[in-house]
Amino acid sequence: MTGRFDEVYQRSLRDPDGFWAEAAEDIVWYKKWDKVLDDSNPPFYKWFPGAECNTCFNAVDRHVDDGRGDQAAIIYDSPITGSQRTITYAELLDETARFAGVLSGLGVAKGDRVIIYMPMVPETAVAMLACARIGAIHSVVFGGFAPNELATRITDSEPKAIVTASCGIEPARIIEYGPIVKEAMEISPHDVGHVVMLQREQSRSELSGANIHDWNDVMESAKPVECVPVKATDPLYILYTSGTTGAPKGVVRDNGGHMVALKWSMKNIYGVDPGEVYWAASDVGWVVGHSYIVYAPLLHGCTTILFEGKPVGTPDAGVFWRVIAEHNVCTMFTAPTAFRAIKREDPGGTLLKQYDMSKFRTLFLAGERTDPDTLHWAEDHMKTPVIDHWWQTETGWSIGANCIGIEMLPVKPGSPTRAAPGYDVRILEPDGTEAPRGDMGAICVKMPLPPSGLLTLWNADQRYIDSYMSDYPGYYMTGDAGYMDNDDYIFVMARTDDIINVAGHRLSTGGIEEVLAGHPDVAECAVIGVADQLKGQLPLGFLVLNAGTSRDDGDIVTDAVRLVREQIGAVAAFRTAVVVDRLPKTRSGKILRGAMSAIADGTEYKAPATIEEPLVLDEIGVALRTVGYAQE
Ligand code: COA
Ligand code: AMP
């Protein structure tokens with residue numbers, strides 16, 4: 001007997017056109033599509049070609065037209081500044097239309113790029129929606145990135161304008177954005193036309209010049225503008241994510257398919273209805289923030305919480321429960337690391353007991369695998385279902401999930417459940433054949449991806465093909481490795497590339513290595529991810545120094561840590577490196593990062609037969625013990 005989920009899932013694969021056309025009825029279109037899927041130029045698939053729409057209209061205007069004008073669209077809750085603000089749909093429409101007028105006034109038009117480098121304040125969502133309103137393509141850059149990373153994104157996306165704020169606020173310090181933006185604009189050869197600066201009272205920016213505009217000043221005189229129809233296949237945004245080198249990949253998302261998939265997911269995956277309060281405790285700089293702080297809840301007519309704080313320390317490990325109770329949140333989405341932080345501070349969940357959680361229904365976790373301990377702790381204390389779901393910047397929504405709005409399937413700890421409708425997930429062996437159930441392999445998705453899947457990489461069609469489509473022709477390679485059990489449950493176990501996951505943030509060890517290699521005393525280096533109880537993984541560097549270097553090892557390690565912080569940002573959490581005489585390699589020169597990680601974590605590993613000098617692994621073990629890893 002098959003259940004409701006099976007029926008929906010099978011139909012999504014059997015009749016994708018019918019399935020997604022039906023979902024697309026929930027979106028307001030200026031013009032309907034000529035066909036549902038254009039598959040004439042694989043792997044460049046396009047959903048809803050010929051259709052015209054506007055994402056901002058569907059996220060904001062339509063709800064005001066439908067009578068939701070007085071409903072809260074955004075509740076900004078900022079324990080870090082001690083402030084709160086509720087913005088109704090009518091107010092959001094007014095602010096967004098006026099900021100769209102500001103951008104238009106600065107010469108930003110359809111297809112132009114705008115970089116948004118902002119903290120977690122409502123103006124960030126306003127800026128994103130305003131871009132969508134006029135058909136400009138936004139690229140939000142996470143506030144924890146250093147000037148160099150911002151500069152890379154400026155150079156690649158060539159924005160007409162940057163929207164920023166005077167500062168971001170971390171528990172222990174204020175991050176001044178002005179100098180970061182200034183330095184990034186100096187590093188990048190691209191000439192950014194204008195900067196709009198939101199001055200925050202916690203620290204005002206002194207950045208000035210003819211092309212630096214104060215948010216409040218320009219908003220005061222701004223004329224509201226209407227939504228501009230764009231093609232469903234036009235880009236809505238570029239979101240840069242870590243690739244295998246230091247150059248980030250600019251994932252390009254469309255307007256039409258993205259809206260269809262996200263609106264559909266709110267009911268079918270999250271089980272949420274319009275008018276309910278939904279909270280994704282992430283950051284708008286990440287894909288989770290794009291999809292589930294801004295677009296999906298607003299497309300669905302929900303109230304979204306924009307939270308500027310941390311799971312612990314703002315002021316305590318009870319802040320999540322306070323926000324849920326105070327704003328009647330029914331569904332929350334965050335990263336397991338946030339729950340590990342709470343569990344560490346309040347293992348007995350005593351703070352939770354102080355709050356009325358009666359309206360709360362489901363906790364969703366993603367960003368990294370939910371370890372069974374964290375899953376059980378959250379279930380035991382919240383007494384609600386806890387759902388691990390798996391997705392990527394490239395897809396914009398879940399590849400694997402327990403779609404509780406369709407049918408809640410039994411939870412298997414350690415698994416994000418089954419492939420979501422639209423995704424034909426296969427576990428492939430290196431030769432492209434399907435792996436037997438239970439055997440590890442590369443997790444791939446048979447093309448085409450469902451709506452919202454990346455269109456390409458910005459300015460890099462060939463890199464799109466090389467990164468995702470070349471190893472397994474006809475499939476999208478997720479970069480994750482894992483297995484599927486006999487019930488079709490997916491287990492995502494590791495990456496197949498050199499991406500590591502630090503506190504739910506995706507980082508490239510290759511990118512960190514590029515920084516370390518730039519140190520004048522470093523001859524060779526390697527970076528691996530080591531297991532960390534709080535953050536899941538942490539990067540750890542190995543440095544081989546140039547012969548004859550007279551400087552102290554400790555000083556060089558200190559330099560290395562500083563360099564990564566300066567060039568990538570604090571978010572890399574790169575705190576340790578060890579100096580070694582040589583790195584373990586195969587005879588063909590490939591560094592054995594997997595073996596090094598296994599030694600550090602104390603897990604089993606088998607040195608490959610092709611290892612150049614087996615003894616070097618013992619030396620690595622000794623070096624790791626000096627920094628507290630590889631304990632015997
Ligand atoms: N702007 C500037 N700096 C930032 C930043 C931002 N938006 N976000 C983080 N940083 C800095 C932090 O201040 C910290 O700097 P430090 O080295 O000077 O202390 C560094 O980056 C690492 O930050 P973080 O990863 O937040 O670690 P933490 O130890 O401060 O906090 C957690 C640990 C678990 C509480 C935190 O990582 C967390 O809340 N994680 C949730 C992750 C998440 O939402 N992921 C999104 C995917 S769903
Ligand atoms: P990002 O693109 O930053 O969202 O990171 C995507 C990557 O995070 C995936 O490819 C996985 O490696 C990892 N990831 C996200 N969610 C999960 C999950 N639920 N289980 C296991 N890994 C996950």
Side-chain angles (χ1 to χ4, degrees), residues 4-55 57-59 62 229-237 251-272 274 287 290-292 295-301 389 391-392 394-401 403-407 418-426 445-456 474-476 478:
R4 169 101 184 105
F5 176 79
D6 280 301
E7 272 171 40
V8 175
Y9 180 72
Q10 291 306 336
R11 176 169 176 233
S12 77
L13 297 194
R14 203 176 51 242
D15 174 25
D17 284 21
F19 186 90
W20 292 113
E22 207 173 290
E25 292 301 329
D26 265 359
I27 298 298
V28 179
W29 304 89
Y30 297 122
K31 177 174 171 285
K32 287 269 178 90
W33 47 93
D34 300 331
K35 61 198 291 201
V36 179
L37 175 70
D38 174 1
D39 55 3
S40 60
N41 183 27
F44 300 93
Y45 293 88
K46 289 183 170 177
W47 287 96
F48 308 106
E52 287 181 13
C53 56
N54 185 283
T55 297
F57 182 85
N58 276 277
R62 80 174 280 189
V230 298
K231 290 194 200 120
T233 53
D234 279 344
L236 168 70
Y237 68 75
V251 166
V252 181
R253 183 90 61 231
D254 61 354
N255 274 275
H258 176 244
M259 277 197 282
V260 171
L262 261 53
K263 172 89 173 78
W264 179 91
S265 73
M266 285 301 285
K267 178 68 190 168
N268 290 283
I269 295 185
Y270 299 96
V272 171
V287 67
H290 280 60
S291 295
Y292 290 104
Y295 288 113
L298 295 180
L299 288 167
H300 202 48
H389 60 330
W391 52 298
Q392 309 185 308
E394 287 83 349
T395 60
W397 64 288
S398 315
I399 312 170
C403 299
I404 63 162
I406 301 174
E407 177 193 4
R418 292 178 49 182
Y423 291 96
D424 187 355
V425 173
R426 309 285 176 99
V445 183
K446 198 158 190 296
M447 288 297 277
L449 291 173
S452 168
L454 77 169
L455 294 183
T456 185
Y475 291 87
Y476 163 79
T478 63

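Excluded from the calculations below are hydrogen atoms, water molecules and symmetry mates; all remaining heavy atoms, backbone and side chain alike, are included.
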Does Ala232 have any side chain to side chain contact (heavy atoms under 4.5 Å, CB included) partners at least two apart in sequence or in another chain, and if so, which?
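Side chain to side chain contact (heavy atoms under 4.5 Å, CB included) list for Ala232, sorted by chain: Trp29, Phe48, Ala51, Cys53.
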
Minimal non-hydrogen separation, Trp47 against Thr233, with atom names:
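Scanning both residues completely, I find the closest heavy atoms to be O-CG2, 3.5 Å.
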
Using the rule side-chain contact (heavy atoms from CB on, under 4.5 Å), only one of Asn268, Leu13, Ile406 pairs with Pro421; which is it?
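When Asn268, Leu13, Ile406 are each tested with Pro421, the side-chain contact (heavy atoms from CB on, under 4.5 Å) holds only for Ile406.
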
Would you confirm whether the ring centroid of Tyr270 sits within less than 6.0 angstrom of the ring centroid of Trp397?
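When the ring centroids of Trp397 and Tyr270 are compared, they turn out to be at least 6.0 Å apart.
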
Under the side chain to side chain donor-acceptor pair (under 3.5 Å) definition, can you give me all pairs with a residue in residues 12-26, not counting sequence neighbours?
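Found Arg11-Asp15, Arg11-Glu22, Glu25-Lys32.
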
Report the distance from atom [atom1] of [X] to atom [atom2] of [Y], rounding to the nearest 0.5 Å.
X      : Y      : atom1 : atom2 : result
Tyr295 : Leu262 : OH    : CG    : 10.0 Å
Asn255 : Asp234 : CG    : CG    : 6.5 Å
His258 : Leu455 : NE2   : CG    : 11.0 Å
Ser398 : Gln392 : OG    : CD    : 11.0 Å

Pairs satisfying salt bridge (Lys or Arg N to Asp or Glu O under 4.0 Å), at least one member in residues 33-42, at least two apart:
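Residue pairs with at least one partner in residues 33-42: Lys31-Asp34.
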
Tell me, please, which residues at least two apart from Asn58 pass side chain to side chain donor-acceptor pair (under 3.5 Å).
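Partners of Asn58 by the side chain to side chain donor-acceptor pair (under 3.5 Å) criterion, ordered by chain and then number, come out as Arg62.
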
Please name all residues satisfying side chain to side chain donor-acceptor pair (under 3.5 Å) with Tyr237, sequence neighbours left out, ordered by chain then number.
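Only Arg253 meet the side chain to side chain donor-acceptor pair (under 3.5 Å) criterion with Tyr237.
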
What's the verdict on side chain to side chain donor-acceptor pair (under 3.5 Å) for Ser265 and Tyr292, showing C-alpha distance, side-chain angles and the deciding distance?
CA-CA 10 Å; Ser265 73; Tyr292 290 104; 2.6 Å; yes

Quick one: list whatever passes ring-ring contact (aromatic ring centres under 6.0 Å, His included) with Tyr30, sequence neighbours left out.
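Applying ring-ring contact (aromatic ring centres under 6.0 Å, His included) to Tyr30 gives none.
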
